[in-house]
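Working notes, structure below.
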Amino acid sequence: MREETRRSKVDVDRKTAQAVGAGILHWYEEVKRDLPWRRTRDPYKIWVSEVMLQQTRVETVIPYWNRFIELFPTIEQLAEAPEPNVLKAWEGLGYYSRVRNLQKGAQVVRDKFGGRVPDTLDEISTLPGVGPYTAGAILSIAYDVDVPAVDGNVFRVLSRIFLIEEDIMKPKTRRTFESLAEFLIPPGRAASFNQGLMELGATICIPKNPRCHACPVQAKCRAQEEGIQEQLPIKEKKKPPRPVDMTAALLRDGDRVLIRRRPESGLLAGMWEFPGGERLDGMTLEESLTAHLRDAFGVQANPSSLFAQVQHTFSHLQWDMRVYECALTAGQVREQEDVKWVAISDLSTYTFPVAHGKVVKELSGLV
DNA sequence: TATGCGTGGCG
DNA sequence: TCGCCAAGCAT
């Protein structure tokens, strides 16, 4: 019996577990949203949706998922697609390593698993970009395996129902929630139950002003009983993003401008940008830009006028980016694979991070 | 265990 | 406005 083999670190009796599991399951079957990836059982398409949904809202993902599936309808086609095309399909979604890992994963599935997404926790977890949450989500949703899928919603919902006051930012806390979530799964119904937990967190048991009156398990919720649902889950504060002064150059040659590709690893890997870099210690922005252009291309360039100022906040960085029109006074920049002179009207065929995309937009408005 | 990695929406 | 938040993973 599963009740005897499964244990939770949280104090929950079987009757409560059964009531909560059934309550959420039945509520979900009644109210679930009609999302495009809920109309398929294709493990590949569910995989794509789960990766896109990492740290990303449903409303944002929908158009990206539709387009991505249209462009790459099968694992085979994704595995064989040119990488820049795949990156382009992700442009604007953020966390770009997700899509690189997704394509690598597709290649692993093709080469090591005969083209079929594996259906065991051990095997699927070997795929790049597939962590504990995504593994559980794909297995339960696509294959009906009774494994938990603990994301931010589940942390919030379960911490409230069972009044769990552990800090969810601590990695070890995940195990507490995973064992509890597994204990709650109505046998054979992990697909609907797991999605129900997340749906509840996304629509009712939301971070602020939770709609407890509409909750199917309100009567079982210990936080609601204590009136402290808004204080949960316990989450330690993150550090504020570090401010960085950035510069970038607008170098023109007729109606063409100079762009370059960022390195294959690190921040915004492989995306295109206007050349420049961080302000260097002890230098002004203009001096730093001149130095960056000299280092990168071996040319002398003078920043003349300020073309644009762009503020952009990442999860860990805050860019204050100033884009200067520059005049080349010595040397010239030759095209290479990762350095191009591009007509303004063709810039849209390249993939830019949002900060540089704002500059592209400014430029396009001038044409 | 702590940090790097995007972007857009909301109160 | 601005801090927080949204279906995390890799290192």
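Just so we're on the same page: letters track the sequence lines, and every chain starts at 1.
- Residues satisfying the side-chain contact (heavy atoms from CB on, under 4.5 Å) test with A:Arg189, not counting sequence neighbours, are A:Leu25, A:Glu29, A:Pro186, A:Ser192.
- Take A:Ala223 and apply the side-chain contact (heavy atoms from CB on, under 4.5 Å) test, not counting sequence neighbours, and it matches A:Arg160, A:Leu163, A:Cys221, A:Ile228, A:Gln229, A:Leu232.
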Contacts table for residues 103-119 of chain A: side-chain donor-acceptor under 3.5 angstrom, sequence neighbours left out:
| residue | atom | partner | partner atom | Å |
| --- | --- | --- | --- | --- |
| A:Gln103 | NE2 | A:Leu78 | O | 3.0 |
| A:Gln103 | NE2 | A:Ala81 | O | 2.7 |
| A:Gln107 | NE2 | A:Ala79 | O | 3.1 |

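- For A:Gln218, the side-chain hydrogen bond (donor to acceptor under 3.5 Å, both in side chains) test picks out no residue, with sequence neighbours left out.
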Extract from the structure each pairing of a protein N or O with an N or O of nucleotides 9-11 of chain B at less than 3.5 Å, listing the distance.
none

Would you mind writing out the side-chain donor-acceptor pairs for residues 60-68 of chain A within the sub-3.5 Å range, not counting sequence neighbours?
| residue | atom | partner | partner atom | Å |
| --- | --- | --- | --- | --- |
| A:Tyr64 | OH | A:Glu91 | O | 2.8 |
| A:Trp65 | NE1 | A:Lys45 | O | 3.1 |
| A:Asn66 | ND2 | A:Ile62 | O | 3.3 |

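- Taking a 4.0 Å limit (strictly below) on heavy-atom distances, residues 128-140 of chain A reaches DNA chain C at A:Pro128, A:Gly129, A:Val130, A:Gly131, A:Pro132, A:Tyr133, A:Thr134.
- Against DNA chain B, the stretch residues 24-45 of chain A makes no heavy-atom approach under 4.0 Å.
- With sequence neighbours excluded, the residues forming a side-chain contact (heavy atoms from CB on, under 4.5 Å) with A:Leu280 are A:Met283, A:Ser288, A:Ala291, A:His292, listed by chain and number.
- Every side-chain hydrogen bond (donor to acceptor under 3.5 Å, both in side chains) that A:Gln54 has, sequence neighbours left out, goes to A:Thr134.
- Scored by the side-chain contact (heavy atoms from CB on, under 4.5 Å) test, A:Ser265 finds no partners at all (sequence neighbours excluded).
- Within residues 258-273 of chain A, the residues that place at least one heavy atom under 4.0 Å from DNA chain B are, in residue-number order, A:Gly266, A:Leu267, A:Leu268.
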